[in-house]
Amino acid sequence: MLPFCGRLDKKEGAWRGATRRFKARAAPLLAVCQVSILTFALLPLPQSPKKHLYKSVASNHNQRMKITLTPDYPRSWIRLVLLLANLLHLLPGLAFAAAPGHAERVIVVGANRAYPPYEFLDKNGAPAGYNVDLTRAIAKVMGMEVEFRFGNWSDIRAGLASGEIDILQGLSYSEPRAQEHDFSPPTAIIQHAIFARVDSPAVSSLEELRGKKIILFKEGIMYDTLIAAGYGPDLILTGTPADALRLLSSGQHDYSIIAILPGMSLVRELNLSNLTPVVRNIAVQKYGYAVKKGNAELLARFSEGLAIVQKTGQYQDIYDQWLGVQESRRISWERAVRYGAFIVGPLLLILTATVVWSRTLQRRVAVRTAELANEVTERKRALEELQRHQDKLIQADKMASLGILVSGVAHEINNPNALILLNTPILKEAYADAIEILEEHFRQHGDFSLGGLPYSRMRQEVPRLTDEVQESARRIRRIVDDLKDFSRRDDAAISTYFALNPVVEAALRLVDPTLRKATSHFHLELASDLPEICGSPQRIEQVVINLVLNACQALGDRSGAIAVRTRLNRNAAEVILEVRDSGSGISPEHLPHLTDPFFTTKREIGGTGLGLAISAGIIEKHGGTLEFSSTPAVGTLVTVHLPILPREFAP
């Protein structure tokens with residue numbers, strides 16, 4: 001037989017596997033049928049004493065002695081045909097049973113010995129975990145015999161490459177791996193996290209780990225990813241995720257990257273209380289069965305078995321047992337259909353009975369059913385609306401709490417900062433008074449040490465240092481004042497005349513750390529001839545912050561650019577604010593929904609879908625408009641139009 005390859009061969013392998021399993025399961029029934037046919041064919045043929053006499057019955061004894069019974073020849077021909085057909089059916093079966101290699105061999109399944117809750121060895125050394133139970137369920141429905149082989153992940157992958165292992169029950173998908181392996185449909189989605197000691201400096205991305213020592217278990221997906229990204233010299237490799245976390249907990253090296261569920265399970269199991277995940281979602285991969293490239297028949301059998309256990313509900317039970325307690329519970333489409341069938345099925349039976357019983361009753365039931373359906377639809381719509389309002393209230397409560405927190409922090413920062421601003425001028429005056437004495441000492445005795453440095457250098461550095469301290473303290477005061485203004489409740493009507501440029505500058509000061517981290521090409525252009533506009537400065541500042549933060553999130557790296565510009569449109573009597581980025585852009589189908597509540601394309605990085613919706617509402621209350629234009633892979637331009645109202649027309 002030629003080796004299977006490509007999509008057609010996978011289907012052919014799955015069909016042949018299904019045929020072989022059907023024969024195996026139907027063998028007892030076929031055997032009973034064959035025995036019945038043989039028994040029927042070999043029993044003595046019945047004879048008819050009346051219908052097939054050579055002569056009629058006579059009245060004397062001699063004539064009766066000549067009576068001869070004749071076999072039933074049509075039935076004998078039928079028996080002969082059945083006997084020959086049965087023998088022809090048995091011969092291929094006997095030949096197939098006698099053929100070498102007919103008995104299926106044990107399939108060796110490779111697994112990581114310490115990757116809970118997916119696969120691991122329990123306290124008794126027995127295989128356990130989500131992958132193990134799923135493999136057992138697939139083997140049972142497919143009639144396969146499997147043997148689990150656990151070990152260090154690098155050894156297990158080497159075993160698959162050498163042929164000692166037939167299939168891996170859990171391997172993360174990537175394009176380079178797809179060159180060497182064939183993958184089944186995913187059985188789970190794995191998120192990777194950065195773990196650190198509780199006293200380690202905070203990080204928020206992989207890029208911040210450059211130059212740090214990162215602990216990984218060898219041959220994992222993040223090992224492949226970081227090697228490809230050039231992190232190789234900084235990687236510390238271990239045999240298992242547990243070894244990596246123990247090494248980090250002992251105080252060695254800086255960070256470790258492990259899938260979030262195995263990492264949290266090991267932290268609890270090993271009581272590594274000084275470790276915590278500092279970034280919970282730096283990479284997401286599909287996770288499933290994998291075979292060596294070209295072993296399409298075995299992969300087709302496991303994929304078919306996976307589809308069966310998903311249809312029968314076993315998959316969901318296994319998922320809930322191992323992963324459901326650590327993730328939000330999911331209701332599969334199949335289970336929802338099954339539950340719906342439990343309700344709809346009896347209703348259909350009742351409906352059928354009523355059709356037979358009476359057409360009048362059928363019409364009444366149909367009308368009532370329609371009313372119930374409408375009621376359910378209205379109730380569902382009301383619940384969805386209630387949920388949306390509840391989410392908005394939760395978000396508003398969070399923002400209110402954040403404002404209170406910011407006000408408290410700002411107050412605590414202002415006290416020591418005020419002392420810095422007060423004492424720095426005194427220190428400058430004291431140094432100015434002492435400079436003559438120090439200069440005289442320098443002329444008489446030559447250079448000397450002052451503050452650990454030569455005086456010849458310090459006499460130039462001290463004035464600059466004190467000026468920098470004073471300027472930094474002033475900057476702290478400006479930032480704190482901006483935070484207090486931004487967090488202050490704005491319950492007044494939108495009727496304040498204010499200049500747009502200072503509001504934009506205050507917003508940019510608040511997001512300055514994010515801007516510096518996101519791009520090294522920021523451009524600000526503020527028109528000098530802008531008239532004042534009527535509205536709420538705090539709310540417009542909130543809009544500017546939202547737009548700039550969205551622009552930062554759209555950039556892939558610091559080489560991207562962000563530009564903020566204000567200008568005047570005299571013909572339309574409006575002030576215009578533009579925020580432009582050279583990021584990933586927005587798909588055309590998403591543009592009409594950008595200001596819809598809870599619509600977001602960044603949910604995996606914490607997006608809520610409320611920023612642009614709130615911003616659009618604020619601009620609308622100011623009588624303005626919010627426009628978006630974007631080209632995928634080129635960038636996005638957001639334009640805010642704010643009308644110029646004469647003071648006599650102000651609300």
Side-chain angles (χ1 to χ4, degrees), residues 111-121 128-131 150-158 168 170-174 176-177 188-287 322-323 326-327 517 604-606:
N112 193 332
R113 66 181 177 86
Y115 203 60
Y118 294 100
E119 51 190 24
F120 59 96
L121 294 175
Y130 166 74
N131 292 344
F150 282 72
N152 287 344
W153 189 233
S154 57
D155 298 335
I156 294 300
R157 289 194 62 187
L168 301 181
L171 184 67
S172 295
Y173 175 86
S174 68
R177 287 183 172 183
I189 301 297
I190 291 189
Q191 299 179 353
H192 288 79
I194 300 176
F195 283 81
R197 291 181 292 275
V198 293
D199 57 350
S200 298
V203 295
S204 59
S205 65
L206 272 178
E207 190 62 28
E208 296 182 36
L209 299 186
R210 291 196 179 274
K212 308 292 185 181
K213 294 300 180 182
I214 308 170
I215 310 172
L216 298 172
F217 72 95
K218 192 175 182 182
E219 299 297 334
I221 185 64
M222 293 309 299
Y223 169 79
D224 299 343
T225 302
L226 294 185
I227 286 292
Y231 287 80
D234 297 325
L235 300 184
I236 308 298
L237 304 181
T238 64
T240 65
D243 294 337
L245 292 177
R246 288 192 191 97
L247 192 62
L248 180 65
S249 179
S250 68
Q252 301 184 56
H253 310 299
D254 300 312
Y255 299 94
S256 181
I257 300 178
I258 296 175
I260 184 65
L261 290 185
M264 296 303 296
S265 297
L266 291 170
V267 166
R268 288 193 298 267
E269 180 181 345
L270 302 177
N271 196 25
L272 305 178
S273 58
N274 64 331
L275 298 186
T276 184
V278 292
V279 182
R280 289 179 172 267
N281 188 6
I282 59 168
V284 179
Q285 282 94 17
K286 298 176 181 178
Y287 183 72
W322 290 102
L323 306 183
Q326 305 185 53
E327 297 181 355
K517 186 182 298 184
E604 66 278 0
I605 60 173

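For the single chain, residues carry numbers from 1 onward in sequence order.
Between V278 and S200, the closest side-chain pair of non-hydrogen atoms is not below 4.5 Å. Inter-residue side-chain proximity for I257 and L226 is flagged as met; some heavy-atom pair is nearer than 4.5 Å. Side-chain contact between L245 and F217 is absent, with no heavy atoms from C-beta onward closer than 4.5 Å. Looking at I260 and F195, their side chains come closer than 4.5 Å, going by heavy atoms from C-beta outward. Considering only heavy atoms from C-beta on, L266 stays 4.5 Å or farther from L272 through its side chain.
Contacts of K517 classified as salt bridge (Lys or Arg N to Asp or Glu O under 4.0 Å), with partners at least two apart in sequence or in another chain: E208. The side-chain contact (heavy atoms from CB on, under 4.5 Å) test applied to R246 returns A242, D243, L270, not counting sequence neighbours. Partners of S249 according to the side-chain hydrogen bond (donor to acceptor under 3.5 Å, both in side chains) rule, which considers only residues two or more places apart in sequence or in another chain, are N274. The side-chain hydrogen bond (donor to acceptor under 3.5 Å, both in side chains) test applied to E269 returns no partner, not counting sequence neighbours. The side-chain contact (heavy atoms from CB on, under 4.5 Å) search around A259 returns Y115, I190, H192, P262, not counting sequence neighbours. The ring-ring contact (aromatic ring centres under 6.0 Å, His included) search around Y223 returns none, not counting sequence neighbours. Taking N152 as the reference, R113, S154, D155, T240 meet the side-chain contact (heavy atoms from CB on, under 4.5 Å) condition, with sequence neighbours excluded. Taking the side-chain hydrogen bond (donor to acceptor under 3.5 Å, both in side chains) definition, one finds that S174 meets it with nothing, sequence neighbours left out. Residues forming a ring-ring contact (aromatic ring centres under 6.0 Å, His included) with Y173 (at least two apart in sequence, or on another chain): F183.
Here the CE atom belonging to M264 is positioned 10.0 Å from the CG atom belonging to L275, to the nearest 0.5 angstrom. Atom CG of L216 and atom CD1 of I227 lie 8.5 Å apart (nearest 0.5 Å). To the nearest 0.5 Å, atoms CD1 (I214) and CG (L237) are separated by 11.0 Å.
Closest approach of I156 to G151, counting heavy atoms only: CD1-N, 3.7 Å. Closest of all the heavy-atom pairs between I258 and P241 is CD1-O, 3.7 Å. The minimum heavy-atom distance linking N131 with G170 is given by the pair ND2-CA, 3.9 Å. Scanning both residues, G230 and P233, for their nearest heavy atoms gives O-CD, 4.1 Å. Taking every heavy atom of both residues into account, G211 and D234 meet most closely at N-OD2, 3.3 Å. In this structure, V279 and S205 approach most closely via the heavy-atom pair CG2-N, 4.3 Å.
Side chain of E119 to main chain of N112: a donor-acceptor pair is present (N/O by atom type, distance under 3.5 Å, no hydrogens or angles). With hydrogens and angles disregarded, a donor-acceptor distance shorter than 3.5 Å links the side chain of D254 to the backbone of K213. With hydrogens and angles ignored, the 3.5 Å screen pairs no side-chain donor or acceptor of W322 with any backbone N or O of P117.
For residues 220-233, the salt bridge (Lys or Arg N to Asp or Glu O under 4.0 Å) pairs, not counting sequence neighbours, are R157-D224, R177-D224. For residues 231-266, the set of pairs meeting the ring pair (Phe, Tyr, Trp, His ring centres under 6.0 Å) definition, not counting sequence neighbours, is empty. Annotation: salt bridge (Lys or Arg N to Asp or Glu O under 4.0 Å) contacts involving residues 188-207, sequence neighbours excluded, comprise E207-R210.
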Criterion side chain to side chain contact (heavy atoms under 4.5 Å, CB included) on I189 and Q285, from CA distance to verdict: CA-CA 6 Å; I189 301 297; Q285 282 94 17; over 6 Å; no
